[in-house]
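Okay, structure first, notes after.
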Amino acid sequence: MVRYKGKGVYGAVAVGKVSVFRRRDVEVKRVRVEDTEPELARLEEAKEKAVAQLKQIYEKALKEVGEANARIFEIHMMMIEDDDYNEAITEMIRGQSVNAAYAVAVTADNFAEMFSSMDDSYMQARAADVRDISNRIIACMNGSENNRSVCDEKVIICADDLAPSETVSLDKDKVMAFVTAHGSSNSHTAILARNMNIPAIIGLGEEFLTQIRDGATAVADGFTGELILDPDEKILAEYRQKQKEESEKKALLHELKGKENVTVDGKRIGIFANIGSIDNIGAVLVNDAGGIGLFRSEFLYLEKSDYPTEEEQFKIYKRALESMAPKKVIIRTLDIGADKKADYFDLHKEENPALGLRAIRLCLSRPEIFKVQLRALYRASVYGRLGIMFPMITSVSEVEEIFALCAQVRKELDANNVEYSENIELGIMIETPAAALISDKLAPMVDFFSVGTNDLTQYTLACDRQNPDIDRFCDTHHEAILRLIEMSAKNAHANGAWIGICGELAADTSLTETFLRMGIDELSVSPAFVLKVRDAVRKTDLSK
Ligand code: PEP
Ligand code: MG
């Protein structure tokens with residue numbers, strides 16, 4: 001029995017046989033050619049075939065994992081047509097008189113290396129994409145498939161890494177878990193695994209690859225990130241029991257649908273859901289959330305190669321509001337910067353991006369961009385119950401500046417006879433210690449606070465939320481954080497505002513009672529956690 005420790009990407013447990021995912025080796029040799037024209041023609045033909053395959057994969061992904069997740073294959077199609085990539089390949093074929101397959105393979109390595117060396121974790125994750133499209137083109141030249149299908153029984157797929165197209169091409173009904181030696185939780189593969197509700201572990205390391213073998217029995221624990229190879233009977237029994245308990249828990253949670261979020265002693269709270277795209281609204285409704293407590297609007301910007309227009313944004317916000325009406329939808333304005341970057345913003349490289357031009361600071365520095373979003377939000381407000389919240393607030397003057405821009409937008413809409421709702425709730429995120437400490441001054445200005453515990457933890461404890469090496473110093477239950485939340489709750493209520501929590505801590509049921517005792521009015525969590533939190537609320541008795 002051997003144990004490997006990685007990082008759990010989707011929490012669930014799988015017990016079963018291993019299938020090692022091997023790409024069919026595409027041998028790429030350097031061959032000198034006299035005439036480069038046929039090689040260039042081969043390249044074009046292979047690219048066409050690759051794009052046709054990607055179209056099919058896109059259709060499959062669209063059905064299985066939704067539009068937002070399928071979009072990566074549209075990006076792959078665009079990458080195949082990318083000028084820099086194509087120029088590098090054709091220049092190599094012409095300049096060095098080599099075969100097309102070799103030029104593609106070398107270009108793939110160069111581009112992947114370039115992406116990997118970038119600071120931005122999103123760009124680093126693109127290294128897998130460029131390798132993926134290049135392998136596909138080479139396979140098309142060789143007339144072979146670039147990966148193999150899974151065997152008949154359900155298996156735990158083990159791989160060095162999985163490209164997004166490989167992940168989605170696997171038959172979902174035959175995959176019990178994804179386990180990889182490399183990968184990052186930011187990669188599209190990890191995101192796809194989460195959306196497929198399949199237990200997934202990444203980052204198990206090189207050694208795991210040398211020891212894993214087809215047909216071996218393994219336990220993949222997506223909660224702890226542990227993979228146990230050749231488990232003994234005791235471990236197997238333990239995990240089978242864990243699986244049984246998990247499925248019983250799920251069934252029990254199902255029974256909570258339609259029930260109220262009320263404590264034993266009768267206190268009612270709101271349990272809302274966090275989303276990053278309108279594609280997640282289905283999950284919000286299925287899990288019976290009371291509304292959307294955090295719509296991370298920056299994902300609209302991150303998915304695009306240029307600023308989303310007012311019209312594009314308006315349509316998305318309108319759809320979110322209409323789909324959820326009469327329930328409330330709180331849309332957070334653009335929180336770009338730090339780990340969330342889009343090239344077209346042309347942001348300077350910063351020494352400490354988490355402390356840099358991020359979120360509201362960027363919006364207030366570039367009001368022309370901010371106002372496009374505000375106009376889209378105001379216009380959409382007539383289609384449902386809208387709340388707008390502003391991220392990364394640290395001062396009263398920021399809120400004054402925001403409200404002045406909102407007033408300008410309303411004036412412009414009035415001048416053009418464009419309708420908007422008079423009942424939009426305006427709130428701010430409490431995710432900096434500064435905001436919590438001056439919450440007595442901020443509360444009279446707004447309708448609500450929403451505590452972003454992810455950033456509040458990072459900024460209070462001086463712990464970079466992107467750095468796994470300091471995990472043990474990053475105590476999310478730290479008394480300093482709980483005191484800041486409590487102080488914010490007191491100040492909100494003293495000034496007629498309500499307060500919710502939308503950071504990951506909202507789903508930590510070991511704190512549900514603590515939050516309720518502080519007077520927190522709403523908890524906003526991933527759709528999959530709504531019923532778990534409802535269960536915890538219904539078991540809490542505040543009279544004791
Ligand atoms: C937070 O910081 O807790 C939060 C909800 O915002 P994000 O995770 O998007 O920064
Ligand atoms: Mg935040």
Side-chain angles (χ1 to χ4, degrees), residues 9 68 120-122 185-186 190-191 194 270-277 280 284 289 291-303 329-342 352-363 373 387-394 398 402 427-436 439 442 448-468 474-478 480-482 484-485 488-489 499-508 511 515 520-530 533:
V9 165
D120 185 326
S121 56
Y122 178 83
S185 34
N186 230 350
I191 296 168
R194 269 186 224 118
I271 303 181
F272 282 28
N274 297 346
I275 63 167
S277 149
N280 307 138
V284 175
I292 291 171
L294 165 64
F295 182 164
R296 290 178 160 100
S297 70
E298 58 274 12
F299 285 103
L300 305 180
Y301 291 73
L302 292 174
E303 282 162 1
V329 176
I330 298 176
I331 301 180
R332 176 176 74 185
T333 58
L334 184 59
D335 181 10
I336 215 121
D339 58 318
K340 292 180 266 191
K341 288 208 180 77
N352 292 301
L355 306 181
L357 191 62
R358 181 189 163 186
I360 206 65
R361 300 171 180 183
L362 182 69
C363 289
Q373 180 169 40
I388 306 178
M389 76 176 165
F390 304 97
M392 274 287 283
I393 298 296
T394 57
E398 285 161 357
I402 294 166
I428 55 170
M429 291 198 64
I430 300 289
E431 53 182 348
T432 64
S439 50
L442 295 168
F448 68 94
F449 284 160
S450 185
V451 184
T453 50
N454 310 335
D455 278 313
L456 188 61
T457 306
Q458 131 161 300
Y459 295 128
T460 306
L461 304 183
C463 278
D464 179 355
R465 65 193 265 191
Q466 299 285 106
N467 185 348
C474 192
D475 172 14
T476 53
H477 291 207
H478 197 293
I481 297 159
L482 297 178
L484 289 173
I485 301 175
S488 307
I499 179 166
I501 301 178
C502 65
E504 295 304 300
L505 213 56
D508 183 338
L511 286 175
F515 292 148
I520 296 296
D521 303 293
E522 176 245 42
L523 295 167
S524 192
V525 299
S526 293
F529 298 145
V530 168
V533 176

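Values below: every heavy atom of this structure, side chains too, minus hydrogens, waters and symmetry copies. Whatever order the structure lists ligands and atoms in, that order sets their numbers, starting from 1.
A salt bridge is defined here as a Lys NZ or Arg NE, NH1 or NH2 lying under 4.0 Å from an Asp or Glu carboxylate O, and D335 with K340 meets this definition.
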Extract all N/O-N/O pairs under 3.5 Å that connect ligand 1 to the protein, and present each with both atom names and the distance rounded to 0.1 Å.
residue, atom, partner, partner atom, Å
ligand 1, 2 (O), E431, OE1, 3.0
ligand 1, 2 (O), D455, N, 3.0
ligand 1, 2 (O), D455, OD2, 3.0
ligand 1, 3 (O), G452, O, 3.4
ligand 1, 3 (O), T453, N, 3.1
ligand 1, 3 (O), N454, N, 2.7
ligand 1, 3 (O), N454, ND2, 3.2
ligand 1, 6 (O), R332, NH1, 2.9
ligand 1, 8 (O), R296, NH2, 2.9
ligand 1, 8 (O), N454, ND2, 2.8
ligand 1, 8 (O), R465, NH2, 2.8
ligand 1, 9 (O), R296, NE, 2.7
ligand 1, 9 (O), R296, NH2, 3.3
ligand 1, 9 (O), R332, NH1, 3.2
ligand 1, 9 (O), R332, NH2, 2.8
ligand 1, 9 (O), K340, NZ, 3.2
ligand 1, 10 (O), R358, NH2, 3.4
ligand 1, 10 (O), D455, OD2, 3.0
ligand 1, 10 (O), R465, NH1, 2.9

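Across all non-hydrogen atoms, the minimal contact from P391 to A359 is CG-CB, 3.7 Å. Taking each heavy atom of G293 and I330 in turn, the nearest pair found is O-CB, 3.6 Å. When all heavy atoms of G291 and V284 are compared, the pair lying nearest together is O-CG1, 4.2 Å.
Within the 3.5 Å criterion, the main-chain N or O of I499 finds no donor-acceptor partner in the side chain of E522. A donor-acceptor pair under 3.5 Å is formed between the side chain of T432 and the backbone N or O of A435.
Considering only residues two or more places apart in sequence or on other chains, R465 meets the salt bridge (charged side-chain N to carboxylate O under 4.0 Å, His left out) condition with D455. With sequence neighbours left out, the side chain to side chain donor-acceptor pair (under 3.5 Å) criterion links T457 to no other residue.
Near-neighbour remark for the Mg ion (ligand 2): protein N, O or S atoms under 2.8 Å are E431 OE1, D455 OD2; waters not counted.
Results of the side chain to side chain contact (heavy atoms under 4.5 Å, CB included) test with Y459 over T394, I481, L355 single out L355 as the only residue that passes.
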